[in-house]
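One structure coming up, written as structure tokens, with questions to follow.
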Amino acid sequence: MRLNNTRVEGCLLNMLFLNSLEKKVGKDQVRSAQVSISESQGYWFVNWKETEEDAVFHHESWYEGISLEEMLTVFRTNIFTKQCDGFIPVFDGIIQTEAVNLESRSAQIQLLHYYSELHVNEELYEQLRQWRLKQSDLESKSPFLVATNRLLRMICTFLPHTTEELQQLPGLGANKITAYGNDLLEFTQKHERGTTFPLNWVESQVDPAKFNAWVQHEKDRKLKAEQNKRDTKRKLLEAITRGDSLDALREQTQLQRRDLLLWIEELDREGYDLEPYIERMLLDVSAEEQELAWAAFELQGDRYLKPVLQALYKQDELEAKEVDRIYEWLRVLRMKFRRVNMVRQAEAG
């Protein structure tokens with residue numbers, strides 16, 4: 001709720017949030033407190049004011065700075081601690097700091113993510129990022145499809161030394177362990193570790209208040225990411241309708257060309273009519289090259305682009321060409337190929 005402006009030490013503060021809390025300290029006694037969030041010229045202030053036994057107010061300054069995200073994290077961490085200490089908000093629902101149910105599977109996974117963010121082996125993490133980049137190039141897929149950043153952090157933190165230990169990390173299913181397990185173990189087995197498997201000890205090493213604040217921060221981040229995703233899709237659809245080129249799209253969205261194509265593929269999978277735009281993007285590719293690539297898709301399948309590329313050009317020919325641009329139009333042609341196959345299957349079924 002929005003409140004009146006106040007002055008603190010000569011600075012005009014715009015108070016944006018204020019709530020009262022109470023704590024029972026005896027049979028008929030209650031200790032009161034207030035928590036507030038204020039802003040002034042881009043600076044955030046979080047303050048706690050609590051009555052002592054002698055009725056004198058005790059003041060705590062929890063945060064003063066310019067980061068909204070950091071301010072919210074500090075607020076949630078401290079207010080959760082106060083609630084654990086017995087303070088209850090007077091206005092229900094205004095302060096949402098419900099403790100995470102640590103018995104749930106999702107909470108256990110979040111605990112591992114949170115702990116690994118705090119204790120990651122940065123040197124090993126960078127080595128695994130380079131390995132992931134090379135692997136994604138070999139398979140012609142996005143790096144996150146090989147392994148997410150969070151998975152790499154968990155590997156670097158908990159250092160599994162056996163396949164059985166790898167299986168205990170969320171995000172490493174049987175297929176990925178078969179494909180990448182030996183490579184990953186080559187990295188981790190070189191490092192000694194001070195922790196053990198299974199990982200049921202992690203909960204006891206985590207501060208509940210900070211963990212709850214982190215969980216809420218992750219929820220906020222996901223909501224923001226979803227909104228950004230919707231905004232990006234809307235901008236792309238508007239630009240595609242206008243017939244803007246990839247270079248124009250890149251300038252408008254600040255995305256790399258490869259990422260733009262991934263977005264366009266997602267829009268295509270969602271059923272948007274991109275056929276005119278796809279045809280326009282293929283205008284610079286000769287009919288002969290398109291026919292050869294189409295035949296390669298039918299023979300090799302459309303999951304990976306590298307076999308199709310190798311079917312079109314010999315290695316010495318590729319050295320004289322812009323391979324990234326070839327991958328671009330192959331990705332576009334694959335969208336057309338998949339759509340045609342989908343129509344054929346629908347007609348046959």
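Here the structure is a predicted model, which means the values were calculated and not measured.
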remark   = Looking only at heavy atoms, the pair that brings L184 and I155 closest together is CD1-CD1, 3.8 Å

key: Donor-acceptor contact present, side-chain D268 to main-chain I264, <3.5 Å   = no

query = When clusters are formed by joining ILVMFWY residues with side-chain heavy atoms under 4.5 Å apart, either directly or through shared neighbours, do L312 and V323 land in the same one?
reply = yes

request  = Spell out, as yes or no, whether a donor-acceptor pair under 3.5 Å connects the side chain of Q135 to the backbone of Y180.
outcome  = no

request  = Go through Y63 and I37 one step at a time and tell me if the side-chain contact (heavy atoms from CB on, under 4.5 Å) criterion holds.
outcome  = CA-CA 9 Å; Y63 182 79; I37 298 177; over 6 Å; no

ask   = Is a donor on one side and an acceptor on the other found under 3.5 Å between the side chain of Q310 and the backbone of Y313?
value = no

key: Atom pair CD1/CE of I109 and M154 - distance to nearest 0.5 Å   = 8.0 Å

ask   = Hey, mind stepping through K233 and W263 against side-chain contact (heavy atoms from CB on, under 4.5 Å) and telling me if it holds?
value = CA-CA 8 Å; K233 285 184 177 181; W263 277 102; 3.7 Å; yes

request  = Look at the side chain of R132 and the backbone N and O of V146, then say whether any donor-acceptor pair between them is shorter than 3.5 Å.
outcome  = no

From CG (L185) to CD1 (I177), nearest 0.5 Å = 9.0 Å

query = Do you know the tightest heavy-atom contact between I240 and R280?
reply = O-NH1, 4.3 Å

query = Which of parallel (below 30°), tilted (30 to 60°) and perpendicular (above 60°) describes Y43 and F45?
reply = tilted

message = The test is side-chain contact (heavy atoms from CB on, under 4.5 Å); show your working for E289 and L292 and say whether it passes.
response = CA-CA 5 Å; E289 285 181 305; L292 290 172; 5.7 Å; no

task = Scan residues 79-89 for pairs that pass salt bridge (Lys or Arg N to Asp or Glu O under 4.0 Å), counting only residues two or more places apart or in two chains.
result = K23-D85, E50-K82, E60-K82

task = Inspect the surroundings of CG in N182 and state if more than 12 heavy atoms from other residues, nucleotides or ligands are less than 6.0 Å away.
result = no

message = Let me confirm one number: the CD1-CG distance from I79 to L21, rounded to the nearest 0.5 Å.
response = 5.0 Å

key: Pair R221 + E69: basic N to acidic O under 4.0 Å   = no

task = Quick one: pull up CG in D231 and OG1 in T253 and give me the separation to the nearest 0.5 Å.
result = 12.5 Å

request  = Hey, could you give me the CG/CD distance between L260 and Q254, rounded to the nearest 0.5 Å?
outcome  = 10.0 Å

ask   = So, T148 side chain and F144 main chain: donor-acceptor pair closer than 3.5 Å or not?
value = no

request  = Return yes if some donor-acceptor pair links the side-chain N/O of E165 with the main-chain N/O of H161 below 3.5 Å, else return no.
outcome  = yes

task = State plainly whether one hydrophobic cluster holds both L305 and L262, where clusters connect Ile, Leu, Val, Met, Phe, Trp and Tyr through side-chain heavy atoms under 4.5 angstrom apart.
result = no

inquiry  = I'd like to know if the side chain of S142 and the backbone of L145 have a donor-acceptor N/O pair within less than 3.5 Å.
reply    = no

request  = Classify the side-chain pair Q130/E126 by whether it contains a donor and acceptor separated by less than 3.5 Å.
outcome  = yes

query = Is Q108 reaching over with its side chain to a backbone N or O of Q110, donor-acceptor style, under 3.5 angstrom?
reply = no

query = Can any side-chain N or O of R193 pair as donor or acceptor with the backbone N or O of T195 at less than 3.5 Å?
reply = yes

ask   = Is a side-chain donor or acceptor of Y272 paired with a backbone partner of E266 at a separation under 3.5 angstrom?
value = no

message = Quick one, Y125 with N149, criterion side-chain contact (heavy atoms from CB on, under 4.5 Å). Give me CA distance, side-chain angles, the key distance, then yes/no.
response = CA-CA 9 Å; Y125 178 64; N149 288 340; 3.4 Å; yes

query = Looking at residues at least two apart in the chain, or sitting in another chain, which of them share a side-chain hydrogen bond (donor to acceptor under 3.5 Å, both in side chains) with R230?
reply = Q227

task = Output the distance between atom CG (L133) and atom CG (L128), rounded to the nearest 0.5 Å.
result = 12.5 Å

Presence of salt bridge, E238 and K235, under 4.0 angstrom = no

key: Ion pair check, K222 and E226, cut-off under 4.0 Å   = no

ask   = Does V340 belong to the same Ile/Leu/Val/Met/Phe/Trp/Tyr cluster as M281, with side-chain heavy atoms less than 4.5 Å apart forming each link?
value = yes

task = Indicate yes or no: does R150 engage E218 in a salt bridge with an N to O separation below 4.0 Å.
result = yes

query = Hey, what's the ring geometry for W62 with F75, parallel, tilted or perpendicular (30° and 60° as the breaks)?
reply = tilted

ask   = Can you name the nearest heavy-atom pair linking L236 to L249, along with the distance?
value = CD2-CD2, 4.0 Å

key: Check: E117/W214 side-chain N/O donor and acceptor closer than 3.5 Å   = yes

query = Tell me, which pairs form a salt bridge (Lys or Arg N to Asp or Glu O under 4.0 Å) where one or both residues lie in residues 296-314, sequence neighbours left out?
reply = E298-R344, D302-R338

